[in-house]
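Some notes on the structure that comes next.
Order of appearance sets the numbers: ligands from 1, and atoms from 1 within every ligand.
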Amino acid sequence: MQSPSLSIDLDTLAGNIRALHAKLRPDSQIMFVVKSEAYGHGIHAVAERAAQEGIRWFAVAYFEEALEVRKAAPDADILVLGPISPEETPLAIQYRITPTVVDAEHAKALATIALQKEKTLNAHIKIDTGMGRMGTLESEDDSQIKAILNTPGLEITGICSHLATVDLKRPWLQEKQHQRFVNAFTVAEAIAGRRLMRHFCSSRGIQYYPEWDYDAVRPGILLYGYGCNDPRMRVQTKPLLQMKSRLMQVKRVPEGTPVGYYSSYRTTRETQIAVVGAGYADGYLRSLSNRGEALVHGERVPVVGRISMNWITLDLGPDLVCKAGDDVVLIGEQNGNEVWADWLGRRAGTIAYEILTAIHPRIPRQYR
Ligand SMILES: Cc1ncc(COP(=O)(O)O)c(C=O)c1O
C-alpha cells in the first residue's frame, strides 16, 4: 500500500489509563474525552477498549458523537460538553446521554421537551470561570444557577468548568478560575440541597493540581500519550498512534535540483530525493513543508519542498540505502528514533491536538 496507514496500539491506551488511575485520588474517576474521533484515533475502538479497562465516563463535544460512544460502551455514562439542541433531548433521554446546560434558557428549552415526553433529563451545569466560551458566568448574582436548578423536568447531577490556562509562571490565572468554580459549586449545592458531581481539570490541570481532582477529571490528550513531556510531571503516558507510509520512488539527483511546487527547496549536493505517499489531503499539514521530518530505515530525514495534496518529498542524503516500497514513519518510532505529534506540532506552529485530529478519517486505522 502506498497511501498512508495508521496503527493504533490499544494496549498502550490501556497502560495510559492504568498510569492515570494509579495517580488519581481514589475517589476521583476518569471522564475520558473522546471527541473528534477520539482525537483522530477512532472513537469506536478507543471507547470500547477504554470501557473494558474500567472507564465509566466519556465526554464528547457533539450529540452525534455520544451516540457513537453508546454503541461502543453500552453501560457507560456519557457527557456532551457542548450544548445539545432541544430536538436531541428525546434521544438523550432514551440513550442515557447527559448534556451540559450552559444557561437558564438552554436548560428550559431542553427541559420543556423532556416534560412533553413526561420524562426527566439528567444534566450537568457548565460554569464559565474564565474560559469565556460556553457556560453560565460565575458571579455574585446566583440567579442563573438557581433558575437552572429549579427548572422542572431537569435533574442537575453534576457541575463542571474548563480551565483556560494552566500557566506555572502566572498561577493566579488558574487559581482564580478554581476559586470561581468553588464558589459556583458551593452555591449550586446549597440551592440543590445535595452534593453534585464536580469536575474541573483536563490534562494540564491534572498534571499540576492533584488537589483539584474532585469527583472526576476530564483528560483527553494525556491518555493519547501527550502532555507529559517533562519527566517530573505527575502522570506519564505514551503515544499510541503511528502514521506510516511507503517510499514510492527514490531518485538520485544532482546538486541544484529544484523540488516541488515553486521550487522552495533546491538540493545543495548530489543526493537522493524520495517521494512518499501522503499529503495534506491525508491530514499531513502543509505547514510542515521544509519543516517536517520522517523516519526511513531508522534515520531522521527532512521533509523538503512543499507538501502537495498526496505526496511528500524527503531528502534522504547521498548514502542511505533504500528503494521504492520501503517503510516511512511519519508519526511514530523506528529503530529507536522518534517523530511524535507534539514535535511535528511545534515545527508546524501548532499543537499535537491539531496534528492528530487533522488526520483524515478515510485513512485505514489498524488496531493492535
Ligand atoms: C471541556 C473540556 N474538557 C476536557 C477537555 C480535554 O482537554 P485535554 O485534551 O487538554 O485533556 C477538553 C478539550 O478540549 C474540553 O473542551
Open item on the list: Below a 4.0 angstrom heavy-atom separation, can you tell me which part of His162, side chain or backbone, both or neither, approaches ligand 1?
Closed with: side chain
- [ ] May I ask whether Met134 places a heavy atom under 4.0 Å from ligand 1?
- [x] no
TODO: Indicate yes or no: does an N/O atom of Lys126 lie under 3.5 Å from an N/O atom of ligand 1?
DONE: no
Task: Set of residues satisfying ring pair (Phe, Tyr, Trp, His ring centres under 6.0 Å) with respect to Tyr284, sequence neighbours excluded - done: none
- [ ] Kindly assign one of parallel, tilted or perpendicular to the pair His124 and His199, based on the angle between their ring planes and the thresholds 30° and 60°.
- [x] tilted
Open item on the list: Determine whether a donor-acceptor pair (N or O, by modelled atom type, separation under 3.5 Å) exists between the side chain of Arg252 and the backbone of Pro318.
Closed with: yes
Task: Parallel, tilted or perpendicular, as decided by the 30° and 60° cut-offs, for the rings of Tyr39 and Tyr353 - done: tilted
Open item on the list: Are any of the N/O atoms on Ile221, whether in the backbone or the side chain, positioned under 3.5 angstrom from an N/O atom of ligand 1?
Closed with: yes
TODO: Report the part of Met131 (side chain from C-beta onward, or backbone N, CA, C, O) that has a heavy atom under 4.0 Å from ligand 1; answer both or neither where that applies.
DONE: neither
Open item on the list: Once you measure the plane-to-plane angle for Phe181 and Phe185, does it fall in the parallel (<30°), tilted (30-60°) or perpendicular (>60°) bin?
Closed with: perpendicular
Open item on the list: If the condition is salt bridge (charged side-chain N to carboxylate O under 4.0 Å, His left out), which residues does Glu299 pass it with, not counting sequence neighbours?
Closed with: none
Open item on the list: So is Leu222 touching ligand 1 or not, going by heavy atoms under 4.0 Å?
Closed with: no
TODO: Pick one of side chain, backbone, both or neither for how Pro219 approaches ligand 1, counting any non-hydrogen atom pair under 4.0 Å.
DONE: backbone
- [ ] For Tyr39 and ligand 1, answer yes if some heavy atom of the residue is under 4.0 Å from a ligand atom, otherwise no.
- [x] yes
Open item on the list: Between ligand 1 and Lys35, can you find any atom pair, the residue atom being a heavy atom, that is separated by under 4.0 Å?
Closed with: yes
Open item on the list: Judged on heavy-atom distance to atom 11 (O) of ligand 1, which of Cys160, Ser203, Gly135 sits nearest?
Closed with: Ser203
